[in-house]
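Taking it in order: structure first as structure tokens, then the write-up.
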Number of protein chains: 2
Amino acid sequence: MTTIYDVAKRAGVSPATVSRALSGARGVSEATRQRVLAVAQELQYSPNYIARSLKKRQTNTIALIISDITNPFFTTLARGVEDKASEHGFNTIFCNTDEDPRVEAAYVELMLRRQVDGLLISSCSDGRSLSLLSRRDVPVVLVDRKVKSSSWDCVVGDSEYGAYVLTKHLIEVHGKRKIAIISGPLVLSTSRERVEGYTRALKEAGVTPREEWIFIGTYKEDFGYQATRRLLEYGPSVEAIFAGNNVIAVGAIRAARELGVRVPEDLALVTFDDFDLVSTLFPFLTAAKQPAYTMGTLAVEMLLERIRGEKIRERREVVLRPEIIIRRSCGCHADS
Amino acid sequence: MTTIYDVAKRAGVSPATVSRALSGARGVSEATRQRVLAVAQELQYSPNYIARSLKKRQTNTIALIISDITNPFFTTLARGVEDKASEHGFNTIFCNTDEDPRVEAAYVELMLRRQVDGLLISSCSDGRSLSLLSRRDVPVVLVDRKVKSSSWDCVVGDSEYGAYVLTKHLIEVHGKRKIAIISGPLVLSTSRERVEGYTRALKEAGVTPREEWIFIGTYKEDFGYQATRRLLEYGPSVEAIFAGNNVIAVGAIRAARELGVRVPEDLALVTFDDFDLVSTLFPFLTAAKQPAYTMGTLAVEMLLERIRGEKIRERREVVLRPEIIIRRSCGCHADS
DNA sequence: TATCTTGTTGCAACCGATTTCTTTCCTCAT
DNA sequence: ATGAGGAAAGAAATCGGTTGCAACAAGATA
């Protein structure tokens with residue numbers, strides 16, 4: 001590989017001058033700059049960013065730690081992150097944790113070793129696996145899920161609001177009262193807030209949430225499936241399900257279908273997060289659609305501000321409202 | 001940050017010894033090793049991989065260059081890549097080109113500067129934007145799309161086969177003869193092969209493919225939409241559409257729906273690539289489903305072999321057969 | 001003419017690891 | 001007793017850039 005020394009020798013100058021010429025720093029005469037540029041071109045010089053990173057203590061890399069890139073919500077988020085980051089000359093390393101705190105902790109440690117300039121984290125834990133981060137002072141922005149008692153910026157969706165509106169819709173428009181919720185784990189802020197919104201809507205309608213209607217598990221398709229089977233096989237006759245997120249909804253519908261329960265005729269269903277592309281094709285799921293792409297770009301912008309060392313004293317918390325999209329799964333008529 | 005020098009000083013040894021102790025190299029007494037380990041633990045030492053990379057000339061990083069992580073096909077591929085890579089201690093940098101060869105070329109150059117150990121590329125060009133790669137000898141494996149006259153390994157789907165079977169199905173099972181194809185650009189191997197498979201099936205059935213049934217454009221939703229509108233508004237009465245890929249299919253269906261043309265009743269449709277998660281929910285699209293995840297893992301394995309410098313003289317080409325999934329969009333009854 | 005700027009350029013240190021080459025010291029065979 | 005052999009550990013070079021500082025030349029000012 002041709003290095004800066006090769007270019008220097010060929011151009012008859014020192015490596016320092018080459019560095020300055022190429023970076024556009026002042027202190028190099030125009031004539032020299034042109035000559036260096038020409039030689040660099042001629043030798044097809046391509047600077048080694050590893051060496052540069054070592055010296056500058058900046059890698060122009062950020063990490064995005066999420067549970068599963070395969071989930072359309074995270075895919076869109078990731079796309080937003082990549083777009084905004086690369087717009088600013090940063091690259092993104094993606095890490096899938098599969099909702100496993102141990103994997104999360106391992107990735108965090110690995111990313112620190114790799115000297116990423118900052119991390120975007122949708123934590124799958126209560127934040128304990130992030131403890132080694134607080135001891136270092138690397139910039140972090142939490143996305144989608146906040147972690148209690150952390151001092152990091154975050155950009156999240158308004159889960160309480162979305163859950164409240166969705167549940168209220170089931171109650172007021174469709175007259176449902178026996179509504180179950182299949183939620184992710186309560187260590188996650190999204191789960192807690194969604195349960196809260198659900199509970200509030202129920203209580204406001206004079207319905208006491210029953211314990212056997214509340215399923216707490218994980219944000220996985222299989223949990224949605226298992227919970228729904230149990231609900232439909234042994235539970236009281238439920239009229240509607242509030243699915244904690246899109247993959248839980250898929251599991252729920254699969255279970256219902258297997259048991260011959262029709263959605264929405266026999267069982268209404270609402271959920272969080274949409275299936276972008278496909279939803280234009282099959283406008284079926286009534287959902288609280290979060291602005292995933294925007295969450296990604298905003299989070300990157302906030303992270304870059306921290307990386308640049310801009311003096312922002314207070315912790316910032318951006319809360320984005322989900323868009324409530326009414327389609328058929330709740331019992332409303334399809335509008336297309 | 002604590003460095004190897006801090007650990008060395010504290011443990012009363014040289015940095016060289018610390019390095020050896022931590023890496024498990026021989027030449028360090030057990031007593032010393034234990035002491036170093038203890039000190040490293042105590043100081044919360046976390047090695048700087050940038051420094052290591054500079055010296056070892058190996059970054060343990062690969063790049064995945066694709067057109068759009070938002071497309072479920074690529075998402076699944078990417079997941080396979082990330083899983084397999086991280087299993088071997090490699091991290092993955094994702095690059096979205098949006099089918100723009102200039103962006104692709106820029107990313108390739110950037111990744112070389114970052115000294116990635118290898119690249120996985122689903123090129124959106126005829127390969128000319130990859131020319132600077134052939135001059136360097138960095139390992140490359142092409143995924144999904146092959147580039148003519150390159151000497152790189154590749155793992156791709158059997159597009160000709162998939163297109164042939166799909167088209168044949170329309171002809172033989174559903175008696176269609178007026179079948180249009182909405183294809184990606186012919187610089188891409190996938191497009192060429194799909195057009196070939198389509199043509200072969202038609203010819204075998206004694207149908208001469210008509211030029212106004214063949215739309216060559218891009219793998220984008222909007223192109224699928226525009227082409228279908230044109231086809232339905234001005235063209236001869238077409239009976240079926242073969243969509244070049246999943247997003248084209250979405251556009252096509254959207255256009256058909258807008259014009260009041262029912263799929264599959266008025267217009268049959270088959271396509272390449274599936275919508276994983278969602279297809280269990282809405283088993284609608286008849287498609288040639290490629291093993292995207294496997295493509296990803298296989299590609300990484302082949303790339304790692306090259307990175308390890310294993311002496312494989314010949315170029316390897318892995319061709320994976322798509323699975324033909326018959327559902328409703330072609331006119332068959334849903335089986336679920 | 002002497003001094004002061006100002007602009008170019010090079011020298012050399014540095015970033016934090018790894019690795020080659022030595023040195024030192026101990027053990028064991030002759 | 002002596003030399004060979006081997007293990008343990010350190011010194012120093014190295015990877016390829018960046019940058020503070022010094023050197024120097026040329027032009028400006030007194």
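Letters A, B, ... mirror the listed sequences (proteins, then strands); counts begin at 1. As the structure is a prediction and not an experimental result, all values here were calculated from the model.
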Counting side-chain heavy atoms from CB outward, which of [options] is closest to [X]?
X: B:Arg52; options: D:dT19, D:dA9, C:dA17; answer: C:dA17
X: A:Lys55; options: D:dT19, D:dA11, C:dG16; answer: D:dT19
X: A:Arg20; options: D:dG17, C:dG16, D:dG20; answer: D:dG20

Under 4.0 Å from OP1 or OP2 of [N]: is there any side-chain N or O of [X] that close?
X: A:Arg57; N: C:dG16; value: yes
X: B:Thr17; N: D:dA9; value: no
X: A:Ser14; N: C:dG10; value: yes
X: A:Ser29; N: C:dG7; value: no
X: B:Tyr49; N: C:dT18; value: no
X: B:Ser19; N: C:dT18; value: yes

Distance in angstrom units between [X] [atom1] and [N] [atom2], rounded:
X: B:Leu22; N: C:dT18; atom1: CG; atom2: P; value: 8 Å
X: A:Ile4; N: D:dC15; atom1: CD1; atom2: P; value: 14 Å
X: B:Arg33; N: D:dA7; atom1: CZ; atom2: C1'; value: 13 Å
X: A:Arg26; N: C:dT8; atom1: CZ; atom2: P; value: 9 Å
X: B:Ile50; N: C:dT18; atom1: CD1; atom2: P; value: 13 Å
X: B:Met1; N: C:dG16; atom1: CE; atom2: P; value: 10 Å
X: B:Asn48; N: D:dG16; atom1: CG; atom2: C1'; value: 15 Å
X: B:Lys56; N: C:dG16; atom1: NZ; atom2: C1'; value: 14 Å

*Starting at the 5' end of DNA chain C and moving along, which residue's nearest nucleotide shows up first, A:Tyr5 or A:Gly27?*
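Its nearest nucleotide being more 5', the pick is A:Gly27.
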Just checking, any donor-acceptor pair under 3.5 angstrom between side chains of [X] and [Y]?
X: A:Tyr49; Y: B:Arg114; result: no
X: B:Asp68; Y: B:Tyr219; result: no
X: A:Ser129; Y: A:Glu104; result: yes
X: B:Asp276; Y: B:Thr76; result: yes

*Check each of A:Arg315, A:Lys146, A:Arg316 against A:Asp153 using the side-chain hydrogen bond (donor to acceptor under 3.5 Å, both in side chains) test, and report the only one that passes.*
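Answer after filtering A:Arg315, A:Lys146, A:Arg316: A:Arg316.
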*May I ask you to say what A:Thr32 touches in the nucleic acid, namely base, sugar-phosphate or nothing, with a heavy-atom cut-off under 4.0 Å?*
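If one applies the 4.0 Å heavy-atom cut-off, A:Thr32 turns out to touch the sugar-phosphate alone, with no base involved.
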*NA contact type, A:Val18, heavy-atom cut-off 4.0 Å: base, sugar-phosphate, or nothing?*
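Touches nothing.
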*If you pin A:Ala51 and B:Val28 to their nearest nucleotides in DNA chain D, which one's is more 5'?*
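It is B:Val28, whose closest nucleotide lies nearer the 5' terminus.
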_Working to the nearest 0.5 angstrom, can you tell me the gap between B:Thr190 OG1 and B:Arg145 CZ?_
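B:Thr190 OG1 to B:Arg145 CZ: 5.5 Å, rounded to 0.5 Å.
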